[in-house]
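The structure appears below as structure tokens.
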There are 2 protein chains.
Amino acid sequence: MSQHTQPPETPTVLDSGDALPPIEQHARQYETVRFAHETELIEDYVELIGDLIAHRGEARAADIASRMGVSQATVSKMIRRLNELGLVTSQPYRSLFLTSAGKDMAQVSRARHDIVLNFLRALGVNDTTARIDAEGMEHHVSDETLAIMQAFIRKNTK
Amino acid sequence: MSQHTQPPETPTVLDSGDALPPIEQHARQYETVRFAHETELIEDYVELIGDLIAHRGEARAADIASRMGVSQATVSKMIRRLNELGLVTSQPYRSLFLTSAGKDMAQVSRARHDIVLNFLRALGVNDTTARIDAEGMEHHVSDETLAIMQAFIRKNTK
DNA sequence: TAAAATTGTTAGCCTAGGCTAAACTATTTG
DNA sequence: CAAATAGTTTAGCCTAGGCTAACAATTTTA
């Protein structure tokens with residue numbers, strides 16, 4: 001079948017680390033990451049909108065743009081997407097609101113974010129770094145790991 | 001200046017969690033994540049190519065495709081990019097090789113990946129889950145956090 | 001060694017998520 | 001209350017990273 005005489009599947013002595021995972025499992029790992037990438041920006045926007053509403057009373061495109069560090073045009077386009085996904089409601093030139101689906105997503109996202117952030121802090125990571133890392137990590141942490149992080153926080157925080 | 005009378009910058013009582021970070025810092029967090037996204041796929045390919053060479057003796061497009069879970073056309077296109085970036089050398093229809101820049105990247109990437117994976121295992125996360133989480137997390141973990149993870153591994157592994 | 005099977009490449013399409021520039025709407029202010 | 005300013009949207013462009021289909025090259029095998 002193979003056009004090459006391959007070394008056996010068992011790892012050779014060349015490597016220092018683990019063997020390669022089985023092909024199917026390996027592919028599923030990358031697929032999981034690709035899937036996370038599709039949803040994470042959406043979640044970040046929804047989470048930020050929820051935060052802005054909670055902290056500032058409203059969520060405006062200009063605020064989202066400056067906090068996200070992108071142009072207002074980009075935000076405008078994204079809001080249209082969030083609308084189509086049924087996560088926010090908006091009238092032109094007016095402030096945004098989260099739908100109940102949006103609120104749910106914001107709440108879940110925020111809770112996950114907080115666990116990761118507090119876990120990193122409990123581990124001893126500096127606050128600024130912890131915030132940056134948490135922002136990137138939160139979408140890639142499974143429920144299982146999240147539960148373990150939560151237990152760790154309880155154990156290591158007064 | 002503002003067209004709305006805004007609540008003060010200090011958070012209102014509505015929220016349960018932390019205050020919003022200052023705008024500049026907030027934007028930098030998201031920018032860091034966006035930047036990581038640009039490089040992480042590249043790193044994943046380079047890391048996988050390095051692993052295939054180490055474990056199988058060669059890295060072929062078909063193997064990369066099946067392990068990444070993408071089409072061969074996608075891999076072919078990506079290899080061209082890696083070439084342009086000076087990370088691999090390739091002749092058509094021949095196996096790939098990493099340049100020394102590619103080897104460096106693979107080595108760094110692999111080391112980081114292993115630390116995150118072993119950290120999750122030391123934390124008590126199931127192996128399959130740990131592999132999936134590590135794949136997603138590795139590109140978002142700062143050097144500071146990585147060092148702390150490494151210390152944690154040393155302390156919690158016999 | 002010719003045919004079959006596998007592997008690799010190219011062309012062309014699509015979506016997401018950035019951007020700038022220009023037009024439009026709302027609010028504030030002189 | 002009109003003009004200036006601030007905020008929002010739209011149009012059009014670009015890149016990355018997927019895909020399929022068609023074709024080319026290589027390797028295996030009958």
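These numbers come from a predicted model, not from an experiment. Quick note on labels: first sequence line is chain A, next is B, and so on, each numbered from 1.
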Candidates dA26(C), dT9(D), dT27(D) - which lies nearest the side chain of Ser76(A): dT9(D)
Set of side chain to side chain contact (heavy atoms under 4.5 Å, CB included) partners for [X], sequence neighbours left out:
X         : answer
Ser142(B) : Thr129(A), Asp133(A), Glu144(B), Thr145(B)
Arg154(B) : Gln150(B), Ala151(B)
Asp44(B)  : Tyr30(A), Glu47(B), Met68(B), Glu135(B), Glu138(B), His139(B)

Under the salt bridge (charged side-chain N to carboxylate O under 4.0 Å, His left out) test, residues paired with Arg112(A) that sit two or more places apart: Glu43(A)
Residues forming a salt bridge (charged side-chain N to carboxylate O under 4.0 Å, His left out) with Asp104(B), sequence neighbours excluded: none
Write down the distance between [atom1] ([X]) and [atom2] ([N]), rounded to a whole number of angstrom.
X        : N      : atom1 : atom2 : answer
Asp63(B) : dT7(C) : CG    : P     : 8 Å
Arg80(B) : dT9(C) : CZ    : C1'   : 8 Å
Tyr93(A) : dT8(D) : OH    : P     : 10 Å

Arg60(B) side chain near dT7(C) phosphate (N/O to OP1/OP2, under 4.0 Å):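 Checking dT7(C) against Arg60(B), no side-chain N or O comes under 4.0 Å of OP1 or OP2.
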Residues Arg131(A) and Asp127(A) bridged, charged N to O under 4.0 Å: yes
Base-contact (B) and sugar-phosphate-only (S) positions in nucleotides 12-20 of chain C, heavy-atom cut-off under 4.0 Å, - elsewhere: B---SBBBB
